[in-house]
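Comments concern the structure below.
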Amino acid sequence: MLTTIIIYILRGFVVTLSVTAISLTVGLTLGLLFATFYVYGGKILTRLMAIYSVIFRGVPPIVLLFLLYFIMAKNIDLSPFWAGSLALGVISSSYQMEILRGAILSVERGQMIAARSIGMTRLDAIRYIILPQALRIAIPPWSNEAAILLKDSSLVLVIGVPEMLRRAQHVSARTYQPLLVYSIAALIYFLMTYSVNRFLDVVERKTSIPSL
């Protein structure tokens, strides 16, 4: 019985990891772009990014998930898996934007001045001087967002994606053993989150800037 329950829940393991990976990638891509706009985009873009951040970080993720899911479902033919993954990525981008904005601002301002003084364009200075340093500085707080998003991937169960928690619900309903089933699911999530954090700790040590 116990082995069967574990195997059934673990069949959603790949789905959970896939949702998390897609969401993190989308969130990082948008977050990096928006953070750059926030810092270097001028008054209008800075104001727009600030409004975006306040709205997306001020509304519960599950509410935003429903809104984005139904907007996508109405206008684009996407499966619940892709709609949920992309929606979580958009939600995460507001948090990743703030992480990356702080990292960009922590890079010494004189480096931009020095890059411009040797003939680099502003865009090249951002691309080749500022962002490579900012990305390394951002790894510690970004690892927290990765762990949060891994856990938030369970939210896609509400739109029918068969990830691990959704499968745990099915087993619980069939076996009438919710405590056992959800304890197993909780343990799996903990091990996944712990492993991701330890991996990113290694990445942080390997890529850290000695002077910082």
Side-chain angles (χ1 to χ4, degrees), residues 17-59 61 64-65 67-68 71-72 75-76 78 82-150 152-153 196-197 199-212:
L17 281 184
S18 298
V19 170
T20 303
I22 293 169
S23 302
L24 273 176
T25 302
V26 171
L28 179 60
T29 303
L30 293 178
L32 185 59
L33 180 64
F34 293 165
T36 305
F37 287 162
Y38 206 147
V39 178
Y40 299 109
K43 291 184 179 179
I44 295 177
L45 280 176
T46 296
R47 182 62 60 86
L48 288 175
M49 294 302 100
I51 293 171
Y52 177 85
S53 175
V54 169
I55 292 175
F56 275 77
R57 292 189 301 123
V59 178
L64 291 171
L65 177 62
L67 288 172
L68 292 170
I71 289 172
M72 291 180 187
N75 297 285
I76 309 172
L78 289 175
W82 278 103
S85 299
L86 294 175
L88 285 179
V90 172
I91 295 166
S92 177
S93 69
S94 61
Y95 295 91
Q96 296 196 50
M97 175 180 71
E98 292 294 346
I99 292 170
L100 293 164
R101 180 172 74 98
I104 290 171
L105 291 174
S106 70
V107 177
E108 291 185 9
R109 190 176 180 183
Q111 296 199 35
M112 172 64 79
I113 298 173
R116 296 301 303 277
S117 70
I118 62 173
M120 296 183 73
T121 65
R122 194 160 183 257
L123 182 60
D124 282 343
I126 294 171
R127 181 180 177 185
Y128 295 111
I129 304 297
I130 305 300
L131 291 185
Q133 296 179 75
L135 286 171
R136 288 187 286 181
I137 294 169
I139 291 175
W142 189 82
S143 66
N144 290 331
E145 175 61 17
I148 290 169
L149 193 53
L150 175 59
D152 282 351
S153 67
V196 168
N197 282 338
F199 171 74
L200 289 174
D201 285 344
V202 173
V203 173
E204 178 190 353
R205 289 195 297 271
K206 295 291 186 181
T207 60
S208 63
I209 303 173
S211 61
L212 295 179

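Just the heavy atoms: all of them, side chains too, but no hydrogens, waters or symmetry mates, feed the values below. Sequence positions, counted from 1, serve as the residue numbers for this chain.
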At their closest point, which heavy atom of [X] faces which heavy atom of [Y], and how far apart are they?
X	Y	answer
Ala134	Val107	N-CG2, 4.1 Å
Leu65	Ala87	CD1-CB, 3.6 Å
Val39	Arg101	CG2-CG, 3.7 Å
Ala83	Met72	O-SD, 3.7 Å
Thr46	Phe37	OG1-O, 4.0 Å
Ala146	Leu24	CA-CD2, 3.8 Å

Gln133 vs Glu108, side chain to side chain donor-acceptor pair (under 3.5 Å): CA-CA, chis, key distance, verdict:
CA-CA 10 Å; Gln133 296 179 75; Glu108 291 185 9; over 6 Å; no
Return yes if some donor-acceptor pair links the side-chain N/O of [X] with the main-chain N/O of [Y] below 3.5 Å, else return no.
X	Y	value
Ser93	Val90	yes
Ser53	Ala50	no
Arg116	Met120	yes
Arg122	Tyr40	yes

Hey, could you give me each pair passing ring-ring contact (aromatic ring centres under 6.0 Å, His included) that has a residue in residues 87-145? Not counting sequence neighbours.
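Not a single pair qualifies under ring-ring contact (aromatic ring centres under 6.0 Å, His included).
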4.5 Å side-chain heavy-atom contact, [X] and [Y]:
X	Y	answer
Ile129	Met112	no
Ile126	Thr121	no
Leu88	Leu64	no

If I take atom [atom1] from residue [X] and atom [atom2] from residue [Y], how far apart are they, to the nearest 0.5 angstrom?
X	Y	atom1	atom2	result
Ile130	Asp124	CD1	CG	12.0 Å
Glu145	Leu100	CD	CG	10.0 Å
Ile139	Arg205	CD1	CZ	11.5 Å
Asn197	Leu150	CG	CG	9.0 Å
Ile137	Leu131	CD1	CG	11.0 Å

Kindly indicate, with the supporting measurements, whether the criterion side chain to side chain contact (heavy atoms under 4.5 Å, CB included) is fulfilled by Met97 and Phe56.
CA-CA 11 Å; Met97 175 180 71; Phe56 275 77; over 6 Å; no
Qualifying residue, where the test is side-chain contact (heavy atoms from CB on, under 4.5 Å) with Ser92 and the options are Leu30, Asp152, Leu149
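When Leu30, Asp152, Leu149 are each tested with Ser92, the side-chain contact (heavy atoms from CB on, under 4.5 Å) holds only for Leu149.
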CA sep, side-chain torsions, deciding dist, call: Glu204, Arg136, side chain to side chain contact (heavy atoms under 4.5 Å, CB included)
CA-CA 7 Å; Glu204 178 190 353; Arg136 288 187 286 181; over 6 Å; no
Would the number of heavy atoms belonging to other residues, nucleotides or ligands and lying under 6.0 Å from CD1 of Ile44 be above 12?
no
Sequence neighbours left out, what pairs pass side chain to side chain donor-acceptor pair (under 3.5 Å) with at least one residue falling in residues 23-37?
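Non-adjacent pairs meeting side chain to side chain donor-acceptor pair (under 3.5 Å): zero.
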Hey, would you say the Tyr38 and Phe34 ring centroids sit under 6.0 Å apart?
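Judged by ring-centre distance (under 6.0 Å), Tyr38 and Phe34 do not meet the cut-off.
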Just do the side chain to side chain contact (heavy atoms under 4.5 Å, CB included) check on Leu135 and Leu32 with the steps written out, would you?
CA-CA 9 Å; Leu135 286 171; Leu32 185 59; 4.2 Å; yes
